[in-house]
Protein chains: 2
Amino acid sequence: MLTQRSKYALRAMTMLAASKPGDLVLVADIAKQRKIPRKFLELILLDLKKRGLLHAKRGKNGGYSLARPANKITFGEIIRITDGPLAPLPCASLTAYRKCDDCEDEKTCGIRRIMRSVRDSSSAILDKATLADAFRAKQQF
Amino acid sequence: MLTQRSKYALRAMTMLAASKPGDLVLVADIAKQRKIPRKFLELILLDLKKRGLLHAKRGKNGGYSLARPANKITFGEIIRITDGPLAPLPCASLTAYRKCDDCEDEKTCGIRRIMRSVRDSSSAILDKATLADAFRAKQQF
DNA sequence: TGAATTGCCTATTAAGTCGCTCGACAATAG
DNA sequence: CTATTGTCGAGCGACTTAATAGGCAATTCA
């Protein structure tokens, strides 16, 4: 399950994706409109900024905007930043591989093989799904 | 990421799958061979038993065995018991659906749509992968 | 019958994570 | 200068996770 943190991040990002590119949006506005605790949201956005997904400007008339077009920012990126690796096991992760402490032989591990295919199918979806896709879905109705 | 609990469960179950069907295996033996804290493992196995995946017998010459053939027990079942729903969001779960507290309109939610497809692809794999599959993978080498 | 074995069950604990808040600071516009 | 707005560090309560402890209940077998 995604953490609340990740849910908030996705919601905030889809809101930014819906606003005009380059337009600056206030944390306070995002918090209000998406019902996210303001101070908590600050931390999340800051993180997304540090990882290059957002651009921020301080001071009056400041705010946040996407650092790239909405169709160039994927769910996978966002979730990895807020929640960590997508893979069910560290030994099945590409972006954050780690050997299992007590794994006898990784090559013959049936559990790993299956978790690896779960990882592959999940990231196939999440690394392809962009903010623009999510927004488009909303627009259809 | 799976919890330690789930990892232990999967390891224990694959060990039981490797033993002769109907044979009783001691908790202590599983714990030793798979390097799982014994008392912790007891709790896990008990849970799996209550949910119908294992059969147990008490007293001397007792132990655990699979309640069904290894090719009828899936990873999905095991993980749902030990870790809960597979879906990344409650609103995207089939087996444990729950509406998001503050979701405006589920039908138009782009996030949900994507998470739903992640769920679908994950469970397509995990509800098909059986203990026998994992064991077979190991045997190949 | 009774001792040994083995799973069943309830509590408890230590450490960590999650969700969130507070207060001060730094940059920027006007 | 002042108001605004993001940045940052610290901290906190509730919960979860991983594990331990200890006794009870069923079963075997001598």
Side-chain angles (χ1 to χ4, degrees), chain A residues 1-12 16 19 23-32 34-67 79 81-85 88-90 100-102, chain B residues 1-12 16 19 23-32 34-67 79 81-85 88-90 100-102:
Chain A
M1 286 274 176
L2 295 182
T3 60
Q4 192 70 355
R5 215 178 133 73
S6 266
K7 285 189 241 173
Y8 288 158
L10 292 173
R11 273 198 224 153
L16 284 165
S19 75
D23 264 19
L24 294 174
V25 185
L26 301 185
V27 179
D29 289 348
I30 303 176
K32 194 172 182 191
R34 296 284 161 131
K35 293 172 190 157
I36 303 172
R38 187 224 168 107
K39 279 300 209 176
F40 192 34
L41 179 58
E42 283 184 8
L43 299 180
I44 298 168
L45 295 183
L46 194 54
D47 225 12
L48 292 168
K49 182 210 156 192
K50 284 178 181 164
R51 302 287 294 269
L53 265 54
L54 291 176
H55 170 254
K57 192 183 165 198
R58 303 214 260 196
K60 196 156 190 178
N61 302 328
Y64 278 99
S65 64
L66 298 183
I79 293 173
I81 289 170
T82 47
D83 263 12
L89 292 178
C100 296
D101 316 334
D102 42 9
Chain B
M1 286 276 177
L2 295 182
T3 61
Q4 193 71 354
R5 216 178 132 73
S6 266
K7 286 189 240 174
Y8 287 159
L10 291 173
R11 274 198 223 154
L16 284 164
S19 76
D23 264 19
L24 294 175
V25 185
L26 301 184
V27 179
D29 289 348
I30 303 177
K32 194 172 182 191
R34 296 285 160 133
K35 293 174 189 157
I36 304 172
R38 186 226 168 108
K39 279 299 210 176
F40 192 33
L41 180 58
E42 281 185 11
L43 299 180
I44 297 167
L45 295 183
L46 194 55
D47 223 13
L48 292 167
K49 183 212 155 192
K50 284 181 180 162
R51 303 287 293 270
L53 265 53
L54 291 176
H55 170 255
K57 193 183 165 200
R58 301 214 262 197
K60 197 161 190 175
N61 301 329
Y64 278 99
S65 64
L66 297 183
I79 293 173
I81 289 170
T82 47
D83 263 13
L89 292 178
C100 296
D101 316 332
D102 42 8

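Side chains included, hydrogens not; waters and symmetry mates left out as well; all remaining heavy atoms used. Treat the numbers as computed from the prediction; the structure is a model and nothing was measured.
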Output the distance between atom CG (A:Leu24) and atom NE2 (A:His55), rounded to the nearest 0.5 Å. 7.5 Å
For a quick test of your reading: what N or O donor-acceptor pairs under 3.5 Å do the side chains of residues 37-50 of chain B make, sequence neighbours left out?
residue, atom, partner, partner atom, Å
B:Arg38, NE, B:Glu42, OE2, 3.3
B:Asp47, OD2, B:Arg5, NH2, 2.8

Figure out the [atom1]/[atom2] separation between [X] and [N], and round it to whole Å.
X	N	atom1	atom2	result
A:Glu42	C:dA24	CD	P	15 Å
B:Lys7	D:dA18	NZ	C1'	12 Å
A:Phe40	D:dG13	CZ	P	17 Å
B:Leu2	D:dT17	CG	C1'	14 Å
A:Asp47	C:dC18	CG	C1'	14 Å
A:Arg5	D:dT16	CZ	P	19 Å
B:Leu48	C:dG7	CG	C1'	14 Å
B:Lys39	D:dT20	NZ	P	11 Å

Side chain of [X] - closest among [options]:
X	options	result
A:Thr3	D:dT7, C:dG19, D:dA25	C:dG19
B:Leu46	D:dT7, C:dC20, C:dC8	C:dC8
A:Lys57	D:dA18, C:dT28, C:dT21	C:dT28
A:Arg38	C:dC22, D:dA18, D:dG6	D:dG6

NA contact type, A:Leu26, heavy-atom cut-off 4.0 Å: base, sugar-phosphate, or nothing? sugar-phosphate
Using a 4.0 Å heavy-atom cut-off, does A:Lys50 contact any base of the nucleic acid, only the sugar-phosphate backbone, or nothing at all? sugar-phosphate
Of A:Leu43 and A:Gly63, the one whose nearest nucleotide on DNA chain D sits closer to the 5' end is A:Gly63
Set out, in order, the CA-CA distance, both residues' side-chain angles and the distance that settles side chain to side chain contact (heavy atoms under 4.5 Å, CB included) for B:Leu53 and B:Leu66, then state yes or no. CA-CA 6 Å; B:Leu53 265 53; B:Leu66 297 183; over 6 Å; no
Let's test your reading of the model: under 3.5 Å, does the base of C:dG7 pair with the side chain of B:Lys60 as donor and acceptor? no
Checking side-chain contact (heavy atoms from CB on, under 4.5 Å) against B:Tyr8, which of B:Ile36, B:Thr82, B:Ile30 comes through? B:Ile36
Stepwise side chain to side chain contact (heavy atoms under 4.5 Å, CB included) test for B:Leu89 and A:Leu2: CA-CA 6 Å; B:Leu89 292 178; A:Leu2 295 182; 4.0 Å; yes
Toward the 5' end of DNA chain C, which comes first, A:Asn61 or A:Pro37, by nearest nucleotide? A:Pro37
Between C:dG19 and A:Tyr8, is there an OP1 or OP2 to side-chain N/O distance shorter than 4.0 Å? no
